[in-house]
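Step one of this worksheet: look at the structure below.
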Amino acid sequence: METNLTINGTKQRLDLDPRTTLLDALRHHLGLTGSKKGCDHGQCGACTVMVNGRRINACLTLACMHDGDEVTTIEGIGQPGNLSPLQEAFVSEDGFQCGYCTPGQICSATAMLKEITEGWPSHVTNDLSGKSALTAEEISERMSGNLCRCSAYPNIVEAIRKAAGENA
């Protein structure tokens with residue numbers, strides 16, 4: 001099945017089995033191995049990418065479902081020598097240990113910060129009429145779909161706050 005995607009700003013035409021997940025299309029057909037296959041059940045968040053600016057688990061969606069969509073992976077957020085502010089904050093705040101979950105964490109956090117800017121509340125947001133405060137509780141709730149087996153959570157929270165311009 002022909003599927004046309006814009007991946008990290010580049011148009012891609014793929015001829016895929018309609019059962020191919022977006023994650024497998026990225027990793028095995030396009031060689032974009034930054035997104036990881038962790039649980040393959042949508043529970044760990046290692047495969048998080050952004051589709052049309054919204055974060056999704058790439059292991060739970062078929063590539064053909066996104067024909068015409070814009071997909072951003074960790075490779076599209078920044079590269080060595082040209083890191084995004086969030087990637088730089090992950091480095092400076094030691095927001096990773098083994099690094100396996102880091103691409104998904106960064107993709108998720110990038111989209112999450114946009115959601116906050118757009119006024120999306122979370123389950124723990126206290127004031128629904130204003131901007132959400134980037135408390136540890138707020139960030140933890142919003143990032144709860146991204147697991148870190150190394151337990152670098154406090155540093156991930158600080159990296160997100162730093163990138164958002166908050167006092168960490």
Side-chain angles (χ1 to χ4, degrees), residues 1-115 139-140 142-164:
M1 171 177 234
E2 182 177 312
T3 303
N4 295 290
L5 302 167
T6 302
I7 311 288
N8 302 325
T10 302
K11 293 188 182 289
Q12 300 283 348
R13 184 195 157 283
L14 299 168
D15 188 20
L16 302 169
D17 182 307
R19 299 169 293 180
T20 304
T21 65
L22 179 58
L23 178 61
D24 286 341
L26 294 169
R27 290 183 58 79
H28 302 297
H29 297 272
L30 294 171
L32 297 171
T33 57
S35 303
K36 305 300 184 214
K37 186 177 278 197
C39 67
D40 213 20
H41 295 287
Q43 296 176 355
C44 73
C47 66
T48 304
V49 298
M50 293 178 290
V51 175
N52 299 329
R54 302 291 176 225
R55 53 189 165 159
I56 68 163
N57 291 332
C59 74
L60 291 182
T61 189
L62 301 175
C64 65
M65 294 169 61
H66 298 286
D67 189 49
D69 287 346
E70 294 185 22
V71 179
T72 304
T73 67
I74 190 67
E75 292 90 348
I77 292 177
Q79 295 286 326
N82 187 27
L83 299 178
S84 74
L86 189 58
Q87 289 171 313
E88 288 177 355
F90 263 70
V91 172
S92 70
E93 298 301 315
D94 198 23
F96 57 91
Q97 287 181 25
C98 80
Y100 195 81
C101 73
T102 305
Q105 296 275 359
I106 290 172
C107 285
S108 187
T110 299
M112 184 260 309
L113 290 173
K114 185 177 177 191
E115 292 166 10
I139 293 170
S140 295
R142 290 174 183 266
M143 294 293 293
S144 63
N146 292 84
L147 303 180
C148 174
R149 291 187 176 121
C150 300
S151 296
Y153 296 116
N155 298 8
I156 291 169
V157 168
E158 293 306 312
I160 292 169
R161 292 180 71 205
K162 181 176 184 175

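Quick note: residue numbers are just sequence positions, from 1.
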Once rounded to the nearest 0.5 Å, what's the spacing between atom NE2 of H29 and atom OG1 of T3? 10.0 Å
Which pairs with one or both residues in residues 147-156 pass salt bridge (charged side-chain N to carboxylate O under 4.0 Å, His left out), sequence neighbours excluded? none
Closest approach of G99 to P103 (non-hydrogen atoms, all atoms of both residues): O-CD, 3.4 Å
Compare all side-chain heavy atoms of L5 with those of D67 and state whether any distance is below 4.5 angstrom. no
Using distance only, find each side-chain donor-acceptor pair of residues 76-92 under 3.5 Å and give its atom names and separation, not counting sequence neighbours.
residue, atom, partner, partner atom, Å
Q79, NE2, E75, O, 2.7
S84, OG, L86, N, 3.4
S84, OG, Q87, N, 3.1
S84, OG, Q87, OE1, 3.4
Q87, OE1, S84, N, 2.9
S92, OG, E88, O, 3.4
S92, OG, A89, O, 3.3
S92, OG, K162, NZ, 2.9

Among I7, I74, L23, V49, exactly one meets side-chain contact (heavy atoms from CB on, under 4.5 Å) together with L32. Which residue is that? I7
Minimum side-chain heavy-atom gap M112-I160 below 4.5 Å: yes
Shortest non-hydrogen contact from C64 toward M1: CB-SD, 3.4 Å
Checking side chain to side chain contact (heavy atoms under 4.5 Å, CB included) for the pair L30/L14: CA distance, chi angles, key distance, verdict? CA-CA 9 Å; L30 294 171; L14 299 168; 3.6 Å; yes
For N155, check side chain to side chain donor-acceptor pair (under 3.5 Å) against everything at least two apart and list the hits. none
Between Y100 and A46 the two heavy atoms that sit nearest each other are CE2-CB, 4.3 Å
Using the side chain to side chain donor-acceptor pair (under 3.5 Å) rule, collect all pairs that involve residues 30-44, keeping only residues at least two apart or in two chains. D24-K37
Show me the side-chain donor-acceptor pairs of residues 50-63 shorter than 3.5 Å, one per line, residues at least two apart or across chains.
residue, atom, partner, partner atom, Å
N52, OD1, E70, N, 2.9
N52, ND2, D69, OD1, 3.1
R54, NH1, E118, OE1, 3.1
R54, NH2, E118, OE1, 2.8
R55, NE, E115, OE2, 3.1
R55, NH1, S108, OG, 2.7
R55, NH1, R142, O, 3.0
R55, NH2, E115, OE1, 2.9
R55, NH2, R142, O, 3.3
N57, ND2, G42, O, 3.2
T61, OG1, H66, NE2, 2.7

My understanding is that only residues two or more places apart in sequence, or in another chain, count here; which of them pass side-chain contact (heavy atoms from CB on, under 4.5 Å) with C148? C101, Q105, C150, A152, Y153, I156
Give every residue pair that meets the salt bridge (charged side-chain N to carboxylate O under 4.0 Å, His left out) criterion with at least one member in residues 5-20, sequence neighbours excluded. E2-R13, D17-R19
